[in-house]
Amino acid sequence: GLQDLSLSTNGTRLDRLATALQANEFCLYVQPKVDMQEGTLVGVEALARWRHPEQGLLGPGEFLPQIEGSVLEAPFGEWVLTHSLTLQRQWLSQGLRVPLSLNISARHLQMADFPQRVQQLLAEYADVPTSLLEIEITESAALTDIDAVSATLVQLRNMGLSVAIDDFGTGYSSLTYLRQFPADTLKIDRSFVMGMMTDIGDMAIVDGVIGLSRSFGLTLIAEGVETTEQGLRLLQMGCLLGQGYGIARPMPAHELQAWAAQWRAPEAWAQGLAKP
């Protein structure tokens with residue numbers, strides 16, 4: 001069983017992670033996504049954290065690499081789904097209506113019973129509108145088996161969920177796949193957003209992705225927005241949605257409502273487009 005599994009690279013045994021899952025030591029933090037022009041909250045991304053009894057709060061880098069490809073991959077992914085739905089139920093009861101996106105691994109997504117399990121969960125949480133849920137899958141994961149992934153995503157979209165391609169631009173993919181790929185949103189990878197102020201190549205990629213999203217009628221969001229200047233440049237280039245430390249760090253889910261009530265976009269963002 002799980003006890004036989006050897007030590008992973010950083011010393012977290014899989015059986016310890018299994019215990020953490022059973023003991024409810026994982027929690028979801030959320031990172032806001034905003035309309036930089038309007039200064040409004042448009043969604044959040046759910047990000048897993050481990051509340052370790054001895055080591056404190058651990059980020060996904062401390063546990064996801066061990067979980068992926070292991071027997072825990074599907075149970076962990078289901079935990080994320082279930083907790084996302086629970087969060088939505090809580091927020092709706094507080095009058096907060098905000099779309100939430102959650103990350104699902106390609107391997108979990110391609111398991112034969114994945115769509116049925118999602119359908120069952122959605123039925124258990126029938127009070128939560130499916131339009132408030134988005135599945136994020138990385139571009140490189142989407143490309144592992146594009147036909148199988150596409151088929152599953154079509155089923156999920158038929159249930160009312162939306163789909164985002166995360167880390168877009170890093171997957172060296174042929175653009176033809178975007179034409180038939182069942183997605184609603186592209187997320188520009190943070191590496192390009194961080195590089196675009198100084199690197200003409202990164203700037204060209206960001207510009208290209210903005211054009212692509214328009215051509216394919218996809219929503220576009222920039223990840224890794226850390227400065228007012230980056231946000232302003234993105235707005236001027238035609239990318240209105242952003243996410244990153246310059247807007248908000250990931251926070252415990254219960255803090256979202258208070259954050260949204262007090263957050264103000266930098267004045268330069270609202271004014272930036274009025275200038276000639």
Side-chain angles (χ1 to χ4, degrees), residues 30-47 98-103 131-132 134-143 162-179 181-250 259-260 263-276:
V30 294
Q31 187 176 27
K33 304 173 182 181
V34 301
D35 183 315
M36 296 183 287
Q37 189 176 6
E38 301 292 332
T40 52
L41 176 69
V42 296
V44 296
E45 180 179 359
L47 300 156
V98 56
L100 177 142
S101 59
L102 49 117
N103 298 279
S131 58
L132 291 177
E134 178 174 68
I135 301 288
E136 282 195 19
I137 178 167
T138 62
E139 183 185 20
S140 47
L143 297 170
S162 52
V163 171
I165 305 177
D166 199 7
D167 301 344
F168 186 75
T170 58
Y172 305 108
S173 54
S174 129
L175 296 177
T176 49
Y177 94 96
L178 264 185
R179 224 175 28 197
F181 197 74
D184 306 278
T185 299
L186 293 184
K187 299 188 81 182
I188 306 178
D189 186 67
R190 60 173 38 81
S191 60
F192 306 123
V193 174
M194 289 166 81
M196 72 177 191
M197 305 302 277
T198 52
D199 185 307
I200 197 160
D202 284 339
M203 177 68 87
I205 289 172
V206 171
D207 202 35
V209 175
I210 291 170
L212 276 176
S213 68
R214 272 207 197 107
S215 306
F216 289 112
L218 297 164
T219 301
L220 183 69
I221 180 161
E223 294 184 286
V225 178
E226 297 194 352
T227 66
T228 302
E229 293 71 38
Q230 284 170 341
L232 184 56
R233 182 66 63 88
L234 286 161
L235 282 168
Q236 289 165 344
M237 292 167 77
C239 175
L240 306 186
L241 305 185
Q243 176 183 4
Y245 279 16
I247 295 156
R249 290 173 175 265
W259 178 87
W263 183 72
R264 297 289 174 272
E267 263 178 54
W269 290 358
Q271 295 166 355
L273 298 177
K275 289 185 195 138

Mind checking whether [X] and [Y] have side chains closer than 4.5 Å, heavy atoms only?
X	Y	value
Arg190	Glu226	no
Glu136	Ser101	yes
Trp263	Leu41	no
Asn103	Leu47	yes
Leu240	Leu235	yes
Leu234	Met196	yes

Pick from Val209, Leu232, Val206: which one makes a side-chain contact (heavy atoms from CB on, under 4.5 Å) with Met237?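 Considering Val209, Leu232, Val206, a side-chain contact (heavy atoms from CB on, under 4.5 Å) with Met237 is found only for Val206.
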Which pair of non-hydrogen atoms, one from [X] and one from [Y], has the smallest distance, and what is that distance?
X	Y	value
Asp202	Gly195	OD2-CA, 3.2 Å
Trp259	Ile247	CZ2-O, 3.7 Å
Leu102	Leu100	CD2-CD2, 3.8 Å
Val98	Gly43	CG2-CA, 3.5 Å
Pro32	Arg249	CD-O, 4.2 Å

By side chain to side chain donor-acceptor pair (under 3.5 Å), Gln31 pairs with (sequence neighbours left out) Gln243
Test of understanding: with side chain to side chain donor-acceptor pair (under 3.5 Å), list the residues that count as partners of Thr227, not counting sequence neighbours.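 Thr227 satisfies side chain to side chain donor-acceptor pair (under 3.5 Å) with no residue once adjacent residues are dropped.
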Phe216 vs Leu186, test: side-chain contact (heavy atoms from CB on, under 4.5 Å). Steps then yes/no. CA-CA 10 Å; Phe216 289 112; Leu186 293 184; over 6 Å; no
Could you work out, with side-chain contact (heavy atoms from CB on, under 4.5 Å) as the rule, every residue matching [X], not counting sequence neighbours?
X	result
Thr40	Asp35, Glu38, Val42
Asp184	Arg157, Ser162, Val163
Thr138	Ser140, Ala141, Asp166, Asp167

From [X] [atom1] over to [Y] [atom2], what is the distance, rounded to the nearest 0.5 angstrom?
X	Y	atom1	atom2	result
Leu220	Cys239	CG	SG	4.0 Å
Ile205	Asp199	CD1	CG	8.0 Å
Leu212	Asp207	CG	CG	10.5 Å
Lys33	Thr185	NZ	OG1	7.0 Å

Once salt bridge (Lys or Arg N to Asp or Glu O under 4.0 Å) is applied, do any residues pair with Glu223, and if so which ones, sequence neighbours excluded?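 Per chain and number, Glu223 pairs via salt bridge (Lys or Arg N to Asp or Glu O under 4.0 Å) with Lys187.
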